[in-house]
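Single-structure report; data block below.
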Amino acid sequence: MSLKPKRVDFTSTWAELQETVKGVITLGSVARSTWNDRFSDVYSLCVAYPEPLADRLYAETKRFLENHVSQELAKVKKGGEKNLLSSYHESWKQFSRGIDYLHKLYLYLNTQHIKKQKLSDAEITYGSLSVDATETMKEIGELGLHIWKTQMIEPLTPDLVNLLLEGIKYDRKGGVTVGSHFQSDSTIYGVVHSFVSVEEYKKKGNLDLYEEIFEKPFLAATGEYYREEAAKLLGEASISQYMEKVIQRIEAEDVRSRKFLYPSSYQKVTGECEQRMVGDHLVYLHSECKPMVSGERKGDLANLYRLLKPISGAQQVLLEEVQGHIKQAGMEAIAHVKGDSMHIDFVENMLKVHKKYKDLIQDVFQGDQAFVGALDRACTAVINHREPKTPSKSPELLARYCDSLLKKSSKGIFESEIEEKLASSITIFKYLDDKDVFQKFYSRSLGKRLIHMQSHSMDTEEAMINRLKQACGYEFTSKFHRMFTDILTAEDLNSKFTNFLSNSNTDVGLSYFIRVLQQGAWPLSHTGVSPISVPLQLEKTVQMFEAFYSKQFSGRKLTWLHHLSNGDVKLGYTSKTYIINMTTTQMAVLLLFDKSDSLSYKELQETTKLSDEQFPRYVQSLLDAKLLLINTDSLEPASMVCLNLKYSNKRTKFRIAGTVQKETTQEVEATHHAVEEDRKMYLQAAIVRIMKSRKVLKHNTLIQEVLSQSKARFAPSISIIKKCIEMLIDKQYIERTQNSTDEYSYVA
């Protein structure tokens, strides 16, 4: 074939081409040679000399397609209403394939003539001022589909849509959609999708026809059907049965959507069902939340969650009921904890509640973060619950619980179990508001365990500190690490002291192990501790160590904490030899009987130099151990104290130090007082930091900034923040601005 433009007789060429077009559009048999000849004819007409005949070809083809679709419409209508869907579907299947082939036959016309006149993608997307989109030429495939839409679908729309809705409704009611008045599933599917396919070529609004003529009436019909269905179910079923049937209906409708509809409709149909069967009946469903949650009816709760989740804001009532129920369960679990095991019962009961409802949320609510948040809020409320004007006991109880696990006295419990329980205790720790109170109590108990060598395992201690560091940061545990360092370096320090004694040819006459503790790291204050006259037997060791330490570390001052020291005393006056571990203070009292069997109350107190408060406590501990006896019914200033020369015990090695090392109520109060003082300093430092960076701040803004900075450690009251602000004004760190009473400025 020659590509050179030539004169063409349009009438004769179109007559031949029209026959082939008819064969193609009706899926008739067209020989390859005929196809090639007609393809050449299209080219020849487009490049004809002296004037191209492309526009005329386009007009004739359009007229042919319009006539063809009109004939097809008549055929479809002739089949009657009963066969309308199937007739339309068969006609559409033929036409859609035929127009696709015809589009390929007119390839040259499409690419070289029509495309040059079409709007660009940008003009379609953003609009064109100069050209009306309806007047532009369409490629032959698009033209055919447009004609099908205007001359086939639009005239039949009411009948087609009604039949489609009836067919889908019949399917809903469990009918078999094959035969009789209703068509097969494939017919309904094909007709519905033809509404999409006929405009698929559009770059913008290609679903407009489908949504307008079918989707809108379908959603309205679906909503009406399920409104009636919901009313019917509510009248005859319990709440449990209602929810189960609603879920079945929603799932069945979703399957039906996928069987018949275009994917863009799936979610809309499900949403319509949910709104009619759930959203319209929220008052009823919400009224059933409380009994379901109270009875922990897992199946019903899972169904209710499944139904409420897709509807915006519908879960709020369920969330509040779940949170309230968990809080109530937590309060009941800790309401009656008391006695010596109070700390264990508190923590373990709370952990049981947490685990129970965490598992329930995972199983019933699929681990939904909204419900996890409700669990967290409920646990926070329970754990930080306090009676009016009293501090929360939770931090102290948790510290005591950890102490009971970390002490050597944890009998009958494996190390793996201890590790597991300590790891679980971090759950409670994370909910604490007053983490600084826990820090103080934990620090005190850690100090005692390390000093008295009562730790179950140093590895376990370190693992627990690392867990706390992970939960709260390095600053929170920095003192704990320094305490550890002091204990670990004590071995080396004592070795150096031994060498010092050896080099100076000094024999102190007893075994020793001395620990030097950093005052800033350890929660051990020497203020308020009564002075004591060190027993003669220990004086030499004390003096030599002070000499050694001042030589080793110049400028450091040692303060001896005798009330925390202990040692072994060997009894040589009894029938059996006993070795008793006791505190240095107890030792100071007992060693006075080394040269005398009896001494008066007054002599003992004057010699030991113990205070009136401390002295009876230590003497009483020796009386309770039956090492000493008195001539009166109870210890009083007139008592004579004598050595029990007939002392006997089944055990030959034991300790009585613990009787005076137990935590007293005064120590607990002192710890709380120390926390209060620390808080004031922390808040003042925070206020100064904030004011230094912001220079000028309103009162309420400053309060909010301080609350934000301190929430990781504790929840301060507004009144204490105000007091700290006043303190800083007095100290001239900040001042009130001249023009406002509720504004502060930083004093540089």
Side-chain angles (χ1 to χ4, degrees), residues 14-32 34-39 42 57-58 60-107 109-110 138-164 167 177-179 181-202 206 209-210 213-214 259-262:
W14 169 244
E16 290 179 352
L17 181 58
Q18 187 176 0
E19 284 302 312
T20 305
V21 168
K22 189 174 182 181
V24 169
I25 204 74
T26 56
L27 302 181
S29 177
V30 178
R32 168 59 67 183
T34 306
W35 175 276
N36 291 340
D37 290 344
R38 299 297 82 79
F39 193 89
V42 170
L57 173 62
Y58 181 84
E60 288 296 334
T61 305
K62 182 180 179 184
R63 190 176 300 112
F64 170 83
L65 289 172
E66 286 171 345
N67 291 335
H68 175 73
V69 172
S70 296
Q71 291 167 14
E72 288 296 311
L73 175 62
K75 280 186 197 174
V76 170
K77 284 182 175 179
K78 192 176 178 183
E81 187 185 351
K82 182 179 176 181
N83 299 313
L84 186 66
L85 285 183
S86 57
S87 300
Y88 170 86
H89 185 225
E90 289 302 319
S91 182
W92 163 252
K93 283 197 293 184
Q94 183 193 77
F95 182 82
S96 59
R97 286 181 65 198
I99 200 68
D100 187 44
Y101 290 132
L102 190 63
H103 183 77
K104 291 171 182 172
L105 182 65
Y106 278 72
L107 181 65
L109 179 70
N110 291 333
K138 294 177 171 61
E139 292 179 37
I140 296 304
E142 297 171 0
L143 176 66
L145 293 173
H146 178 72
I147 292 168
W148 182 270
K149 171 194 161 187
T150 54
Q151 293 187 209
M152 176 68 83
I153 292 177
E154 288 178 3
L156 293 176
T157 293
D159 295 331
L160 286 175
V161 172
N162 284 338
L163 288 169
L164 288 170
T177 58
V178 179
H181 186 66
F182 295 94
Q183 310 304 318
S184 66
D185 292 350
S186 61
T187 300
I188 295 174
Y189 176 89
V191 174
V192 169
H193 280 70
S194 75
F195 301 153
V196 177
S197 302
V198 81
E199 288 200 327
E200 225 163 18
Y201 65 87
K202 288 186 176 181
N206 58 346
L209 178 72
Y210 167 77
I213 70 168
F214 175 75
K259 187 163 68 171
F260 295 131
L261 308 186
Y262 190 69

Between CD on residue Gln18 and CZ on residue Arg38, distance to nearest 0.5 Å: 12.0 Å
Trp92 and Trp148 aromatic ring geometry - parallel, tilted or perpendicular at 30°/60° bounds: tilted
Heavy-atom pair with the smallest gap, counting every atom of Ser91 and Glu72: OG-OE1, 2.6 Å
Gap between atom NE2 of His103 and atom CG of Leu145 - 0.5 Å precision: 9.5 Å
Nearest-0.5 Å distance that lies between atom CD1 in Ile188 and atom CG in Leu160: 12.0 Å
From Leu107 atom CG to Ile140 atom CD1, the distance as rounded to the nearest 0.5 Å: 11.5 Å
Any residue meeting side-chain contact (heavy atoms from CB on, under 4.5 Å) with Glu60, in chain and number order, not counting sequence neighbours: Phe10, Trp14, Arg63
From OH (Tyr201) to CD (Glu139), nearest 0.5 Å: 11.0 Å
Residue of the set Ile99, Leu65, Leu102, Asn110 for which side chain to side chain contact (heavy atoms under 4.5 Å, CB included) holds with Leu143: Leu65
Lys/Arg-Asp/Glu bridge criterion (N-O < 4.0 Å) met for Glu19, Lys22: no
NE2 (His146) with more than 12 external heavy atoms under 6.0 Å: no
Result of checking Ile25, Ile147, Val21 against His68 for side chain to side chain contact (heavy atoms under 4.5 Å, CB included): Ile25
Matching residue for Leu164 among Thr187, Val192, Asp159 - test: side chain to side chain contact (heavy atoms under 4.5 Å, CB included): Val192
Closest non-hydrogen atom pair between Tyr88 and Met152, with its separation: CE1-CG, 3.7 Å
Contacts of Tyr58 that satisfy ring pair (Phe, Tyr, Trp, His ring centres under 6.0 Å) - sequence neighbours left out: none
Least distance between heavy atoms, Pro158 atom then Pro155 atom: CD-O, 4.1 Å
Leu73 versus Gln151, closest heavy-atom pair with distance: CD2-O, 3.3 Å
Backbone N/O of Ser194 and side chain of Ser197: donor-acceptor pair under 3.5 Å: no
Inter-residue atom distance Glu81.CD - Ser87.OG, 0.5 Å rounding: 12.0 Å
Which atom of Leu209 lies closest to which atom of Phe195, heavy atoms considered: CD2-O, 3.7 Å
